[in-house]
Amino acid sequence: MNASGLSLPTLEAVRAALRTRRAALAAAWAAAELDSAMVLIPSGLVLAVEGSDQHYGFRAHDDHYYISGCRAPGQVLVHDPVEPGGWILFAAIASQDDRVWHGDTEGVEALAERVGIEAVRPIAELGVWIAAHAGRRAALLGSHDILERPIGYGVHPDDVESIAFDADLTMRLTGAVVAARRAKDAAELGFMRAAAAATAAGHDVALRSARPGMTERGLQVEIEHAFQRAGAERPAYGTIAATGSNGAVLHASPGPRTLAAGELVLVDAGAEVEGYDGDVTRAWPVDARFTSEQLAIYDIVIEVQKRAIAAVRPGVEFRELHMQAARGLAAGLVDFGLLRGDPDGLVERDAHALFFPHGLGHLIGLATHDVGGWAEGRVRSQRPGLKYLRIDLPLQPNYVVTIEPGIYFVRALLEDPELRRKHAQDVHWERADRMLDFGGIRIEDDVRVTADGHEVLTAAIPKEPGDLERLRA
C-alpha cells in the first residue's frame, strides 16, 4: 500500500514478474532466430525545451520499462545470449552535479536487488562494452534515440555505428514483445486496479463538485488533483472535461468554456499508477437531472455498453463486438427518430458512423492505447465505420480492453455537404440540425478478459442514470 492508501503489488511480486517476463522473451526471441545476436533496449533521453533550461516531462520507453522494471532516462538494457545470465542493465548513476541539482539515484546493488538483474553496471561502462562487441549483429528495441544521440548514453557515435543492427530481426523481436504485452500478469493487474481506484476518486470529485459557472479547465484541475491525492503519479493522458457542444469533439482539450444549466458534461479521464493507466468516460447533466432528450440518448449508449461488456470473453472477436455495438446504436437512433431504415442496412452504409465515428475500444496497460491491437496479417478497413477501430483480434485471458460506445453530434460530420447527400434518406436531418449543440455521450469502462468471462476493473465508478442524478443533486 502506498502513502495515499492504494494497494500495490509487493516488491517480491514485481521482481518475480519481471524475471518471468525476461525468461519468456528470451525464449521467444530464441524461437525467432536470435542466435548469437544481441538486443539493445534503451529507455530514452530527456528532451530539452528550446530556449529554456527546462526539459519536457520524461517517460521511459514502455518496452524498456516492461522488461527492466526501470523508468530512468539514459539507461540501456542489453540481452546477450552469449553472456552468463543473458541480461545486463547499464544504469544511469547520479554524478555529483546530478545529486546537487536533481537528487540521488538508486545504487547499482539496490537496483539489481529491486529488478532481479544480477549484472547491473553504470552507464559509463556502456561505450567500452559496445566497443568490445563491435561487428556483432543486434536488434534495437525500445527508444531508437541512441542512434541519433549516442553521447546522451555516454557512447561515441563511431561505437554505435560499429554494431550491425538488423532491421528484420528488430521487427521480429519487437513483435514478440508486443505479443507478450497483450496479456497482463498479476503484477500489472495489481497496478491497473490501483489506477482504477485512483481514477474513481477523480470521477467522484468531478460528479460532486461540477456546478454552473465552473470552467472546463477548473473541472480538469479538480479531477487531476483528486488523482494525485488518491496516490496516482499523474493523469494517464490529457484529461477531457467538455461541456455543451465541446462534448462532440472526441479529444477536446479543456478550455475557458463554462458549464451551463441544461447542458451535458463529458469527462474522459484516467489516472496513472506505476506507469499503468486507467481510462474512463462518464457523461452527466450540469443540472441535477437529465432532460428527457438527454436521457433517451444516454439510455441507448448505456444499454449498448452493457451488452458489449456482457459479451466479453476469451475467443470473441473484438471487431464483431464493435459491429454489434454499431447495430445497437443504429437501432436505438432509429427508435429515437434520428436515423431511419433497417439498422443492418444503416450500418452497411456507415450511416451510424455519423454519430459513432470511432471504434468500440482499445487495449490498455502501459499505454492508454496499448500496443498489439491488430492481429498479424489483418488489414485496416477504410470504411467510415471501421477505419478508427483500434482492436482487430480474438480476445484472450488477461487482455484488458476499454468498452466505450458513444453518440455525438459532430458539426464537422453533420454539416458536411457530401455526407448529407450520401445519407439524405438515412437521417432525419431537421432533427439532427436541431441537436447540433447537444454535444456527446460516451460511456467507457476498463474490462479484463478472464478465463471464462470478464471483470470490470472500473465498476465502482457510477454510470446508471439514477445514480448520476443522485450524486449531481
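Here, residue 1 is the first one in the sequence, and each next residue gets the next number.
With sequence neighbours left out, the side chain to side chain donor-acceptor pair (under 3.5 Å) criterion links Arg149 to no other residue. Residues that satisfy the salt bridge (Lys or Arg N to Asp or Glu O under 4.0 Å) test with Arg470, not counting sequence neighbours, are Asp467. Applying the side chain to side chain donor-acceptor pair (under 3.5 Å) criterion to Arg448, with sequence neighbours excluded, gives Asn398, Glu455. Contacts of Asp62 classified as salt bridge (Lys or Arg N to Asp or Glu O under 4.0 Å), with partners at least two apart in sequence or in another chain: Arg59, Arg181. Trp284 pairs by the ring pair (Phe, Tyr, Trp, His ring centres under 6.0 Å) definition with nothing, not counting sequence neighbours. With sequence neighbours excluded, the residues satisfying salt bridge (Lys or Arg N to Asp or Glu O under 4.0 Å) with Asp268 are Arg442. In terms of the side chain to side chain donor-acceptor pair (under 3.5 Å) criterion, residue partners of Glu274 (sequence neighbours excluded) are, by chain and number, Arg71. Annotation: salt bridge (Lys or Arg N to Asp or Glu O under 4.0 Å) contacts of Glu303 (sequence neighbours excluded): Lys306. Every residue was checked against the side chain to side chain donor-acceptor pair (under 3.5 Å) condition with Arg19, not counting sequence neighbours, and none meets it.
Checked for salt-bridge contact, Glu320 and Arg327 meet the test: a charged N lies under 4.0 Å from a carboxylate O.
Taken from CG in Leu321 to CD1 in Ile309, the straight-line distance is 10.5 Å, to the nearest 0.5 Å. The distance from atom CG of Leu264 to atom CD1 of Ile297, rounded to the nearest 0.5 Å, is 10.0 Å. For the atom pair Glu317 CD and Gln324 CD, the distance stands at 11.5 Å (nearest 0.5 Å). Expressed to the nearest 0.5 Å, how far CD1 of Ile163 lies from CD1 of Ile130 amounts to 4.0 Å. Taken from NE2 in His322 to CZ in Arg319, the straight-line distance is 8.0 Å, to the nearest 0.5 Å.
By the 4.5 Å heavy-atom criterion applied to side chains, Thr368 and Glu272 are not counted as neighbours. In this structure, Ile117 and Leu18 have side chains that are not in contact, with every pair of non-hydrogen atoms separated by 4.5 Å or more.
Within the 3.5 Å criterion, the main-chain N or O of Glu233 finds a donor-acceptor partner in the side chain of Gln228. Side-chain atoms of His79 come within 3.5 Å of backbone atoms of Gly86 as a donor-acceptor pair (strictly under, hydrogens ignored). Between the side chain of Lys184 and the backbone N or O of Arg182, at least one donor-acceptor pair lies under 3.5 Å. In this structure, Thr243 contributes its side chain and Val265 its backbone to no donor-acceptor pair below 3.5 Å.
Ala232 and Ala198 make their closest contact through CB-CB, 4.0 Å (heavy atoms, listed as atom of the first residue, atom of the second, distance). The minimum heavy-atom distance between Ala194 and Ser7, with the atom names listed, is CB-O, 3.9 Å.
Side chains of Thr458 and Asp445: a donor-acceptor N/O pair is present below 3.5 angstrom, by distance only.
Other residues, nucleotides and ligands contribute only 12 or fewer heavy atoms inside 6.0 Å of the CD atom of Glu33. More than 12 heavy-atom neighbours from other residues, nucleotides or ligands sit within 6.0 angstrom of CD on Glu12.
Applying the ring pair (Phe, Tyr, Trp, His ring centres under 6.0 Å) definition to pairs two or more places apart or across chains, those involving residues 366-405 are His362-His369. Listed by first and then second residue, the ring pair (Phe, Tyr, Trp, His ring centres under 6.0 Å) pairs that reach into residues 174-207 are Phe191-Tyr276, sequence neighbours excluded.
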Would you be so kind as to tabulate the donor-acceptor pairs closer than 3.5 Å made by side chains of residues 137-146, with sequence neighbours excluded?
from: Arg137; atom 1: NE; to: Asp166; atom 2: OD2; distance (Å): 3.0
from: Ser143; atom 1: OG; to: Asp145; atom 2: N; distance (Å): 3.2
from: Ser143; atom 1: OG; to: Asp145; atom 2: OD1; distance (Å): 2.8
from: Ser143; atom 1: OG; to: Asp145; atom 2: OD2; distance (Å): 3.4
from: His144; atom 1: NE2; to: Leu140; atom 2: O; distance (Å): 2.9
from: Asp145; atom 1: OD1; to: Tyr153; atom 2: OH; distance (Å): 2.7
from: Asp145; atom 1: OD2; to: Leu45; atom 2: N; distance (Å): 2.9

### Query
After noting the C-alpha distance and the side-chain angles of Asp277 and Tyr237, does the key distance pass the side chain to side chain donor-acceptor pair (under 3.5 Å) rule?
CA-CA 9 Å; Asp277 295 343; Tyr237 50 91; over 6 Å; no

### Task
Give the C-alpha distance, both sets of side-chain angles, the deciding distance and a yes or no for side chain to side chain donor-acceptor pair (under 3.5 Å) between Ser43 and Gln75.
CA-CA 5 Å; Ser43 66; Gln75 300 197 149; 5.4 Å; no

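Between His358 and Phe356, the ring-plane angle classifies as perpendicular under the 30° and 60° cut-offs.
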